[in-house]
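Accompanying notes for the structure given below.
In what follows, chains carry the letters A, B, and so on, assigned in the order in which the sequence lines appear, proteins first and then strands, with residues in each chain numbered from 1. As a basis for the values below, the full set of heavy atoms in this structure was taken, side chains included, without hydrogen atoms, waters or symmetry mates.
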Number of protein chains: 2
Amino acid sequence: MDPHLLRTYVTVARLASFSEAARELGYTQSAVSQQIAALEQDLGAPLLTRRPVAPTQAGERLLEHAGPLLLRLDAARADVARMATAPEHGLTLVSAPTALGPYVLAALPPTGVTLRVLARDEIPAAVATGAAEVGLVDGLAAPSDPLRLPDVAPLSTYGVGEEPVCALLPATHPLARRARLRLGDLADARWLDAPDTGLPLAQLRAANGGRGFRPSLRYDGTDVRTLTALAAAGQGLTLLPRSAATGVPGAVAVPVTEPRLVHRTELVYAGSLSGAAARLAEAVSRS
Amino acid sequence: MDPHLLRTYVTVARLASFSEAARELGYTQSAVSQQIAALEQDLGAPLLTRRPVAPTQAGERLLEHAGPLLLRLDAARADVARMATAPEHGLTLVSAPTALGPYVLAALPPTGVTLRVLARDEIPAAVATGAAEVGLVDGLAAPSDPLRLPDVAPLSTYGVGEEPVCALLPATHPLARRARLRLGDLADARWLDAPDTGLPLAQLRAANGGRGFRPSLRYDGTDVRTLTALAAAGQGLTLLPRSAATGVPGAVAVPVTEPRLVHRTELVYAGSLSGAAARLAEAVSRS
DNA sequence: AGGATTCCATCAGTACTGCTTATCGAGCAT
DNA sequence: ATGCTCGATAAGCAGTACTGATGGAATCCT
């Protein structure tokens, strides 16, 4: 199971074509054909139907494995390579949209930082593969509980802060006047389904016993202002850290106090922090 | 980064010898030397110091990646191979010691099952690599929350039951007469450190806000009776599902009601259940 | 201290793997 | 029927990866 073969296999499966995959990978069609044949022989099972080119049942399983496998492989390579090359001067920081809370903003050095905002579940991969030195992830957790991160690679985490979580309600919402809410009060409402920007509905459902939280509009994107505007316009509810939920025109942020959940932000990095990254972490922990 | 090279690298690192590794892998010493050289050149960093043979800093990082990487590789191969070969008639079931609760015991078919008990964190790997068709894991969780499993491979889980958790106290313990306990009441006591058999202390500590739960004796093993005997003898406290904690001579099982935690058991399997495994799962879910 | 031994690196030779080019046959559209 | 596209196959060649032999450095054992 050469990673090389695996890579061609996923390319062929994605493009549903041997010739296209060959072009993309810089091989001849013949080479791709032989590589797939070799992989199938190695694993002892046909992976693709030809004409049309589509994964078999066994091939589907392999595809599920291939992604994480190749990711980890890249992560390992990046991690080792990082030890060999001299640390750069700039610092690249990737963050989930709502993870960039006040604690971090205040601690950023005046210059030399490149910031990129990604969907939450892309953060660990970006840090692991060396696309960024440091990542910021956030999520819902019981107070002082660590976040549940997908383990794509041996990453270290470091809690930077916790905030109350608020439901963002349109000003006209019947519960908008309340000083605080239980999550169960809102289970039957329609919720914005914004896995990249906000918090995954499945997580809310789990926190509430597995029911409710029917989705309304789905938003794929990483802009929090769009999300808050949607919520203010009554398109659906959403849960945000207090700092992100306050000051939205036409909407009210009401703290959710039951169950006892907080919005937690963690810094993730591979190996040990050095240089600018270490200074950032130290600045964050001081604040 | 050929997995082949990775495998020789971890062998060399483990045995701290090129020649030994060559013998174990069935290569000549020369081949191993060349393989390591190739890997070092590929990654652009020295991985081992020679004489004595020990991993460098970069090599240490690679070792951390190599384990999960090779495990996933095995898992992928086993998963695909499973689709190709006819399903066997026997059923192999691996279980964590305390995961074999009454719900499962009642559902086992009268014949044809091989049962093996492993430490909790070996279960997912055993299922992923095809050593067993079905695994049973358990752990502490909020009611109806799923367990946190290490994701060594794309595995499916399926909740089979939840039980109250009990602290197992020697009959002479001052709190043994109580009808129920808070976890905080026991934070300052000495606890048996039995990560394989019982529940990891770190998890209790996290549930209680990160403090307390100092270890007493450490027990590495998978025999629950030994664990309960240790607890009854006053060697330290331990937390168990009610069914495992009751009926221990000289000890009392007191339910822990705060925080609201349950002992949850889940069935894990790779792909889809078929044959005897599916029948077992169905029998468990009916009970 | 000196010789034997162990251990890893290196070199030369060889078998084999993995690519390219060329060709073929099957399905599809015109 | 006739191109045309797509994947499989055959032959040839270059580079890879192994074995076996040799060399130099460190260690062990008188």
Side-chain angles (χ1 to χ4, degrees), chain A residues 1-60 62-63 66 69-70 73 76-77 80 84, chain B residues 1-60 62-63 66 69-70 73 76-77 80 84:
Chain A
M1 275 240 290
D2 193 340
H4 209 90
L5 301 186
L6 222 52
R7 215 150 232 150
T8 32
Y9 170 68
V10 301
T11 310
V12 171
R14 174 166 51 85
L15 300 174
S17 158
F18 283 52
S19 332
E20 277 295 313
R23 220 160 299 147
E24 179 169 320
L25 296 169
Y27 287 121
T28 56
Q29 173 266 316
S30 170
V32 170
S33 182
Q34 289 177 54
Q35 287 186 19
I36 299 297
L39 192 59
E40 288 182 325
Q41 185 154 29
D42 178 27
L43 296 177
L47 299 172
L48 293 168
T49 63
R50 326 293 150 105
R51 220 175 300 271
V53 174
T56 63
Q57 212 172 348
E60 290 281 7
L62 183 60
L63 278 179
L69 208 45
L70 294 174
L73 219 52
R77 149 162 275 117
V80 173
Chain B
M1 275 241 291
D2 192 341
H4 209 91
L5 301 186
L6 219 55
R7 215 151 232 149
T8 39
Y9 170 68
V10 302
T11 309
V12 171
R14 175 166 50 86
L15 300 174
S17 157
F18 283 51
S19 333
E20 278 293 313
R23 219 160 300 146
E24 180 168 320
L25 297 169
Y27 288 121
T28 57
Q29 174 266 316
S30 170
V32 170
S33 182
Q34 290 176 54
Q35 287 185 19
I36 299 296
L39 192 60
E40 288 182 325
Q41 182 152 29
D42 178 26
L43 296 177
L47 298 172
L48 293 167
T49 63
R50 324 296 150 103
R51 221 175 300 271
V53 174
T56 63
Q57 212 171 350
E60 291 280 7
L62 184 60
L63 277 179
L69 208 45
L70 294 174
L73 220 51
R77 150 163 273 121
V80 173

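Between B:T28 and D:dG20, a side-chain N or O to OP1/OP2 separation shorter than 4.0 Å is absent. Proximity of A:S19 to the phosphate of D:dG7: a side-chain N or O atom is located under 4.0 Å from OP1 or OP2.
Regarding A:Q35, its CD atom lies at a distance of 13 Å from the C1' atom of C:dT20, rounded to whole Å. If you measure from atom CG of B:L5 to atom P of D:dT16, you get 13 Å, rounded to the nearest angstrom. The CD1-C1' distance, from A:I36 to C:dC19, rounds to 15 Å in whole Å. Here D:dG23 presents its P atom at 15 Å from CD of B:Q29, a figure rounded to the nearest Å. Distance B:R23 CZ to D:dT19 P: 14 Å, rounded to the nearest Å. The distance from atom CG of A:D2 to atom P of C:dC19 is 9 Å, rounded to the nearest whole Å. In this structure, CG of A:L15 is placed 16 Å from C1' of D:dT5, rounded to the nearest angstrom. In this structure, B:L47 atom CG and C:dA9 atom P are separated by 12 Å, rounded to whole Å.
Across C:dA22, D:dG20, C:dC8, the shortest atom-to-atom separation from the side chain of B:S30 is found for D:dG20. Picking from C:dT20, D:dG7, D:dC18 the nucleotide with the shortest atom distance to the side chain of B:H4 gives D:dC18.
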| task | Show your reasoning for whether side chain to side chain contact (heavy atoms under 4.5 Å, CB included) applies to B:V10 and B:L62. | result | CA-CA 9 Å; B:V10 302; B:L62 184 60; over 6 Å; no

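Proximity of a side-chain donor or acceptor of B:T49 to a complementary backbone N or O of B:A54 within less than 3.5 Å is detected.
Side-chain polar atoms of A:E60 and A:T56 form no donor-acceptor pair below 3.5 angstrom. A donor atom on one side chain and an acceptor atom on the other are not found under 3.5 Å apart for A:S19 and A:Q29.
On a pure distance criterion of 3.5 Å, a polar donor-acceptor pair joins the side chain of A:Q34 and the base of C:dT20. Evaluation of atom-type donor-acceptor distances gives no pair under 3.5 Å for the side chain of A:S33 against the base of D:dT9.
If you check every strand for non-hydrogen atoms under 4.0 Å, A:V53 touches sugar and phosphate atoms only.
Under the 6.0 Å cut-off for aromatic ring centres, B:Y9 and B:H4 do not qualify, their centroids lying 6.0 Å or more apart.
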